[in-house]
Amino acid sequence: MKLYIAEKPSLARAIVAALPKPHKKLDGYYQVGNGDLVSWCIGHILEQAQPEKYDPAFKKWQFEHLPIVPEQWQLTPKYKTRSQLAVLRKLVKQCPQIIHAGDPDREGQLLVDEVLDYLNIGEQKKSDCQRLLISDLNLSAVKRALSQLKRNTEFMPLSISALARSRADWLYGINLTRAYTLAGQKSGYNSVLSVGRVQTPVLGLVVMRDQAIDEFLSKPYFQVDAIVADDKGTTFKARWQPSEACQPYMDEQGHVLVRKLAENVVQRIANQPAKITNISDKQHKQAAPLLYNLSSLQIDAAKIFSLRAQTVLDTCQSLYERQKLITYPRSDCRYLPKEHHADAAKILANLASNNGRYMSFAEQADSKQKSRAFNDSKVSAHHAIVPTLKSAKNITLSDVEEKVYSLICRQYIAQFLANYVFNKSQLTLDIAGGRFVAKAKHEQQLGWKQMYQSKRPTSADDSEPLQNVDFNQYQKGQRLHCISGDLLEKHTQPPSSFTDATLLEAMTNIARFVADKNIKQILKENDGLGTEATRAGIIELLFKRGYLERNGKQIKATLVGKALINALPEPATKPDLTAKWESSLNAICEKQMGYQQFMQPLLLTINDFIQAGQKQDFSGLPKKAFKPKRRYRKKSGSGQKKSA
């Protein structure tokens, strides 16, 4: 008799549907036709024990107790799910074979593994445990997964990595939150100052951006466009490229700061010959963007529909569990296994018949085409988020569900459409001894691009203007005529405030904000603050704790958020340290680092930050705590006991 342990009830139901009938629903589990049992966790049904579990004296917050480091780590059952844990305790005793059916990521791996460890199953039973990996809840996909069971021991590095992450977050959050709350109390602040391994650097990003905006001083700069004509009357613009001789009059970004210099260029080029010194013309082929992982989907949904990251995650869970229209959503991968290409024709046929936004494009798609997104070597425990084989034709979706589903469908259909093909040409001119550049772009084949409702490509403010002129009609050495020059006065712009989309982008591409060159190099391929599944929650947590606030689409730091970051040691507020930790956690997954190699330096860092906390000046904090708006529900166990 086998016992399948799923991560949550919805996954358990999908497994049951693929097993022999009849199915019998019992208290906390199912029994199927061949006698096998299917039960479930309800997310994490165990949690790290609170400090007072290790020593009752720890219930009172005191500097003398820090750092609190358990000698023997303990887990405690969550109160709301104790009954389900009791069901699992009974079932694992009576079933000789266990099938681990947690979600296909490191947290899903730990979630069931920690239950098995907590219930003290025998070593032989643990060794014989098998792993079921399901990323698509539809019947055919689940049946296929059931035929491809693996040994659970193969996935232990994932579990160890998640365990290291869990304990690291506990050590960092418990110890530093206590240390800095106690320091804040000395200055009269009457509430908890939550410090987290991930949340604090995210807050630091926003505070530093706000400070950069506040301290920014705009300055004028000048550009010159030459108005050039040929003998047929065709005109176009060419942008002045300042020479090295102009460097003393320019800033680090290459902006000309002296108006008289630009005015002199305008006067000098008026009614002058414009000799063509170079012509370049190149065809470009642009493949469709890769399929979505969770973060890239959340970023696009924020940009296009102004949806918050948590809303997108919740909607994806509904589309995955309730509607069964998409594959596993908490994925960090943007590729599919090659075997999934066999489903393309059926999926595209469904999308062509379901009256969705991109129905006509699905009809045009070539299911035989195989894009770069089909790459076995890029897929690990899970793959990209794509539509399943289930049709949405007779399913009523909410407005938000329809929007999110349409984005996922669009990204999938794009893999089977032609490349976007365009020509870029550039004309270089000598006018009165000055160098001027004109650029043009000609679209030859829209391909997948026709589905994407974005503005046609234009140049940035500081780039040469793009125009629709055929430069191939000219020849090198040919003389055209500069009619006049246009003086353009512009002003340097401050960095933009973060939005949901750009803050998520910053979290997923954190290497851009890392100072250490060595860490930058490590993070080029694999970086990020938090995980695909936690980033939305981290952002929401910072709002809940009163550290962030919204001003329209802008995300700004509150007075409390700014004061906390300014009082903390600088390394605790920057992404360098936690980014390095995330890299180490991934190294554990890849068997390139051990648990102790990660934990030992972390403990030293925590101790240093605790010592620094005793010396910090929190006089910038207000005396009263920020009270969150009522829309946020206070969860049990929140406050001083939790930090992310």
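Keep in mind that this is a model prediction, so the values were computed, not measured. Keep in mind that the numbers below use all heavy atoms, side chains included, and drop hydrogens, waters and symmetry copies.
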Walk me through whether Ile68 and Trp170 qualify under side-chain contact (heavy atoms from CB on, under 4.5 Å). CA-CA 10 Å; Ile68 299 171; Trp170 189 96; 3.9 Å; yes
Taking atom CG of Asp27 as the centre, report whether more than 12 heavy atoms of other residues, nucleotides or ligands fall under 6.0 Å from it.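 Atom CG in Asp27 is not packed in, count stays at 12 or less.
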Does Lys25 NZ have over 12 foreign heavy atoms under 6.0 Å away?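 Yes - once you tally the heavy atoms of other residues, nucleotides and ligands closer than 6.0 Å, there are more than 12.
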Please confirm whether the backbone N or O of [Y] pairs with a side-chain atom of [X], one donor and one acceptor, at under 3.5 Å?
| X | Y | value |
| --- | --- | --- |
| Lys125 | Val92 | yes |
| Asn509 | Glu505 | yes |
| Thr200 | Val195 | no |
| Trp40 | Ser10 | no |
| Ser331 | Ile385 | no |
| Trp448 | Gln286 | yes |
| Gln415 | Pro289 | yes |
| Ser398 | Glu401 | yes |
| Gln199 | Ser194 | yes |
| Ser353 | Asn350 | yes |

Could you tell me if the side chain of [Y] sits less than 4.5 Å from the side chain of [X], heavy atoms only?
| X | Y | value |
| --- | --- | --- |
| Leu19 | Tyr30 | no |
| Arg151 | Ser127 | yes |
| Arg165 | Thr531 | no |
| Asp113 | Leu163 | no |
| Leu313 | Arg535 | no |
| Tyr320 | Arg330 | no |
| Ile395 | Lys390 | yes |
| Leu146 | Tyr4 | yes |

Contact summary for [X] and [Y], nearest pair of heavy atoms:
| X | Y | result |
| --- | --- | --- |
| Ala6 | Ala12 | CB-N, 3.6 Å |
| Arg144 | Ser147 | O-OG, 2.6 Å |
| Leu407 | Asp300 | CD1-C, 4.3 Å |
| Ile510 | Pro575 | CG1-CB, 3.3 Å |
| Ala101 | Ile15 | CB-CD1, 3.8 Å |
| Ser39 | Tyr29 | CB-CB, 3.8 Å |

Show, in sequence, the C-alpha distance, side-chain angles and deciding distance for Met451 and Arg357, and conclude whether the side-chain contact (heavy atoms from CB on, under 4.5 Å) test is met. CA-CA 9 Å; Met451 277 200 302; Arg357 295 176 186 230; over 6 Å; no
Go through the steps for Gln411 and Arg334 under the test side-chain contact (heavy atoms from CB on, under 4.5 Å), then give the verdict. CA-CA 11 Å; Gln411 209 82 349; Arg334 302 191 68 175; 3.9 Å; yes
Give, for atom [atom1] of [X] and atom [atom2] of [Y], the distance between the pair rounded to the nearest 0.5 Å.
| X | Y | atom1 | atom2 | value |
| --- | --- | --- | --- | --- |
| Asp103 | Leu110 | CG | CG | 12.5 Å |
| Phe598 | Leu585 | CZ | CG | 4.0 Å |
| Cys333 | Leu291 | SG | CG | 9.0 Å |
| Asn152 | Leu158 | CG | CG | 10.0 Å |
| Leu132 | Gln148 | CG | CD | 10.0 Å |
| Asn293 | Gln298 | CG | CD | 9.0 Å |

For the residue pair [X] and [Y], categorise the inter-ring angle as parallel (less than 30°), tilted (30 to 60°) or perpendicular (more than 60°).
| X | Y | answer |
| --- | --- | --- |
| Phe361 | Tyr358 | tilted |
| Trp581 | Tyr172 | perpendicular |
| Phe416 | His341 | tilted |

Do Glu590 and Asn586 have side-chain N/O donor and acceptor atoms under 3.5 Å apart? no
Can you find a side-chain donor-acceptor pair between Ser295 and Glu532 that sits under 3.5 Å? yes
So, [X] and [Y], do they make that salt bridge, N to O below 4.0 Å?
| X | Y | result |
| --- | --- | --- |
| Arg197 | Asp169 | yes |
| Glu321 | Lys8 | yes |
| Lys580 | Asp576 | no |

Of the options Glu7, Lys78, Glu114, which is the one that meets His44 in a side-chain hydrogen bond (donor to acceptor under 3.5 Å, both in side chains)?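 Output: one option passes, namely Glu114.
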Leu116 and Lys126: side-chain contact (heavy atoms from CB on, under 4.5 Å), yes or no, with the steps? CA-CA 8 Å; Leu116 299 179; Lys126 185 184 292 187; 5.6 Å; no
